[in-house]
Enquirer: 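I have a structure I would like to understand better, so I am pasting it below and will then ask my questions one at a time.
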Protein chains: 2
Amino acid sequence: MKVSTTTYGLLGLLAVRSWTGYELTQQMRRSLRFVWSSSEGHLYREQKGLVELGWAAVEDEQAGARTRKRYTITAAGEAALREWLTTAPQEPHFEIEGLVRLFHGSHGSVADLAASMDATADAARAMLDEMLGFVDEYLADGGPLWMLEHGINGATASEAGPPAEFAGRPMFPGRLHVIALVIESTTTLLASVESFARSTASEVRGWASTTDPAATPATRARLEAVRKRHRR
Amino acid sequence: MKVSTTTYGLLGLLAVRSWTGYELTQQMRRSLRFVWSSSEGHLYREQKGLVELGWAAVEDEQAGARTRKRYTITAAGEAALREWLTTAPQEPHFEIEGLVRLFHGSHGSVADLAASMDATADAARAMLDEMLGFVDEYLADGGPLWMLEHGINGATASEAGPPAEFAGRPMFPGRLHVIALVIESTTTLLASVESFARSTASEVRGWASTTDPAATPATRARLEAVRKRHRR
DNA sequence: GGCCCAATACTCCTATTGAGAGTAGATTAA
DNA sequence: TTAATCTACTCTCAATAGGAGTATTGGGCC
């Protein structure tokens, strides 16, 4: 079994508390989908992998007539996570089909290209709205931020007892600082995609064709602006 | 054989001229790697797929003692590309390992987290620099922009003869308008990654620990700013 | 009170894709 | 002239995606 970023994504969740397999899968989807996506089937496979590696332990838990699997991190798992965090991250990557269509847009119509850009903008906006929902939860009274402001950290070993809950979910307010940074980064990126896709849509709608020679001065200005903006 | 965005990425290149398999692979790497990456082996596999689909034709070309494969688009291939351009694009996705590390950063040290963020910023900057190299080429005298400004479009069927060349490569200046938009979008995104990764690095370096309670006011301000900035 | 739909809680299979090794001629720089 | 790098691919195995399949449970609606 080979370890991947997905392995550590799950391991990191297990480092905060124990989860059932289903919860782990849902939580990965909720929180890391926008920056590191994997399929549901693969997430379950990776959970088994964690046990095989000795990084987590499973036990069958009774829930009515059926059983579910509860995963708990081991000492070896905690060590593996700490070790991973000291290594260098991979290059960031984007996967934006709309830009592939834009790149080949000269072979299609202005209307289709503009529609593609609008669809990309809409998708980015929908993702952004989903993230904003988390922000509202975090800012709500009794939520993790409120807990921090009332001295409940939850992520330090010095506090005894079970974690505080909010909206039926256990909260670990001490993690909120890093999570807020992830949210800020991700929403910035999504807003950037929405913004350029939307303005590209409106730009190309002004063209007579997808190879309109009349766009030449705008293209020169655009390339020069890119060069100027990013010159180091 | 199932078609994917990669299939259409190759098909779009073939719609501008004929290429050898090696050239196609290099060109995909050069131009679409940042928005749609695939492995080298897979690109060769997809080229065979295009022939199987009847969207491209191959012929063996003699080059010294060895042969290489020259791919040419067919009428069916041109139709398939036009058809694809009318359909809706997929959701955009990011794959940013640095943000997975940030999300789980509360389990590691401040120094390691800051180093991860700096490494992510460095990688984004390197990618951005590579794109700026293209911009310089496009803006150079005799380059595609210069051609446009001298009435050479190259992408319209009305112009007879072989395409004009620049720096040993055939140029299709009419495509420059869309390409400039792709470059502007991609560089904006990369600059955004560089910027937030860099500022996150400096932010966390000011923390006493990765769950430092002293960060609470900054975290509140951050979440409120996100909510305000993106409220629709 | 019973029915239906959605959510819970997974497993399993097939097809796609990635990653890297392998082969061999051609060209460039020392 | 030799070594390294580039051209120009093929091939294989392992990783991953995507979706079908199974069965229980909880909630809402008539």
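In the text below, chain A, chain B and the rest are named by the order of the sequence lines, each starting its count at 1.
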Enquirer: Can you tell me which residue pairs pass the side-chain hydrogen bond (donor to acceptor under 3.5 Å, both in side chains) test with a partner in residues 181-190 of chain A, sequence neighbours excluded?
Expert: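 Sorted result for residues 181-190 of chain A: A/E184-B/R222.
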Enquirer: Excluding sequence neighbours, so at least two apart, what forms side chain to side chain contact (heavy atoms under 4.5 Å, CB included) with A/T86?
Expert: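 Side chain to side chain contact (heavy atoms under 4.5 Å, CB included) list for A/T86, sorted by chain: A/E83, B/D112.
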Enquirer: What nitrogen or oxygen pairs link the protein and nucleotides 8-13 of chain C at under 3.5 Å?
Expert:
unit_1, atom_1, unit_2, atom_2, d
C/dT8, OP2, A/Y22, OH, 2.5
C/dT8, O5', A/Y22, OH, 3.2
C/dT8, O2, A/R66, NH1, 2.4
C/dT8, O2, A/R66, NH2, 3.2
C/dA9, OP1, A/R68, NH1, 2.4
C/dC10, OP1, A/K69, N, 2.9
C/dC10, OP2, A/G21, N, 3.3
C/dC10, OP2, A/Y22, N, 3.2
C/dT11, OP1, A/K69, NZ, 2.8

Enquirer: Tell me what B/S38 touches on the nucleic acid: a base, only sugar-phosphate, or nothing, going by heavy atoms under 4.0 Å.
Expert: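 Sugar-phosphate only.
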Enquirer: Please give the angle, rounded to 10 degrees, between the axes at the start and the end of the helix from C/dG1-D/dC30 to C/dA30-D/dT1, where five pairs define each axis.
Expert: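 Terminal axis comparison yields 40°.
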Enquirer: Applying ring-ring contact (aromatic ring centres under 6.0 Å, His included) as the test, list every pair that has at least one member in residues 112-132 of chain A; sequence neighbours left out.
Expert: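 ring-ring contact (aromatic ring centres under 6.0 Å, His included) check on residues 112-132 of chain A returns no pairs.
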Enquirer: Is a donor on one side and an acceptor on the other found under 3.5 Å between the side chain of A/S195 and the backbone of A/A191?
Expert: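 Between the backbone of A/A191 and the side chain of A/S195 there is no qualifying donor-acceptor contact (under 3.5 Å).
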Enquirer: Would you classify B/T6 as touching base, sugar-phosphate or nothing, given that sugar-phosphate means primed atoms plus P, OP1 and OP2, and contacts are heavy atoms under 4.0 Å?
Expert: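 No contact.
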Enquirer: Please enumerate all residues that pass side chain to side chain donor-acceptor pair (under 3.5 Å) together with A/S4, with sequence neighbours excluded.
Expert: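 Applying side chain to side chain donor-acceptor pair (under 3.5 Å) to A/S4 gives A/T7.
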Enquirer: Which pairs count as salt bridge (charged side-chain N to carboxylate O under 4.0 Å, His left out) when at least one residue sits in residues 117-131 of chain A, sequence neighbours excluded?
Expert: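 Residue pairs passing salt bridge (charged side-chain N to carboxylate O under 4.0 Å, His left out), neighbours aside: A/R33-A/E130, A/D118-A/R198, A/D118-A/R205, A/D122-A/R198, A/R125-A/D129, A/R125-A/E194, A/D129-B/R232.
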Enquirer: Sort and list the pairs that fulfil ring-ring contact (aromatic ring centres under 6.0 Å, His included) and have at least one residue in residues 2-54 of chain A, not counting sequence neighbours.
Expert: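 Non-adjacent pairs meeting ring-ring contact (aromatic ring centres under 6.0 Å, His included): A/Y8-A/W55, A/Y8-A/W84.
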Enquirer: Taking any heavy-atom pair under 4.0 Å as a contact, classify A/E61: base, sugar-phosphate, or nothing.
Expert: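 Touches nothing.
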Enquirer: Does any pair with a residue in residues 49-61 of chain B pass salt bridge (charged side-chain N to carboxylate O under 4.0 Å, His left out), and if so which ones, sequence neighbours excluded?
Expert: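 Residue pairs passing salt bridge (charged side-chain N to carboxylate O under 4.0 Å, His left out), neighbours aside: B/E61-B/R68, B/E61-B/R70.
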Enquirer: Separation of B/R33 atom CZ from C/dG18 atom C1', in whole Å?
Expert: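 Value for this atom pair: 16 Å.
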Enquirer: Could you pull out all residues at least two apart from B/H107 that satisfy side chain to side chain contact (heavy atoms under 4.5 Å, CB included)?
Expert: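 If we apply the side chain to side chain contact (heavy atoms under 4.5 Å, CB included) test to B/H107, skipping adjacent residues, the hits are A/A15, A/V16, A/L81, A/L85, A/R175, B/H104.
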Enquirer: Under 4.0 Å from a heavy atom of chain A: give me the 5'-most and 3'-most nucleotides of DNA chain D that qualify.
Expert: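 That gives a stretch of D/dA15 to D/dT25.
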Enquirer: Reckon B/T25 touches a base, only the sugar-phosphate, or nothing at all at heavy-atom distances under 4.0 Å?
Expert: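 The answer is nothing, as B/T25 stays clear of every strand by at least 4.0 Å.
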Enquirer: So what does A/S37 hit on the nucleic acid, given a heavy-atom distance under 4.0 Å: a base, only sugar-phosphate, or nothing?
Expert: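 The answer is sugar-phosphate, as A/S37 gets under 4.0 Å only of primed atoms, P, OP1 or OP2.
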Enquirer: Find the distance between CG (A/L50) and OG1 (A/T6) and round it off to the nearest 0.5 Å.
Expert: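 The OG1 atom of A/T6 is 10.5 Å from CG of A/L50, to the nearest 0.5 Å.
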Enquirer: Using heavy atoms to find the nearest nucleotide of DNA chain D for A/G64 and A/M1 separately, return the residue whose nucleotide is more 5′.
Expert: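 Taking each residue's closest nucleotide, the earlier one in sequence belongs to A/M1.
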Enquirer: Going by the salt bridge (charged side-chain N to carboxylate O under 4.0 Å, His left out) test, which pairs reach into residues 88-103 of chain A, not counting sequence neighbours?
Expert: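 Residue pairs with at least one partner in residues 88-103 of chain A: A/E97-A/R101.
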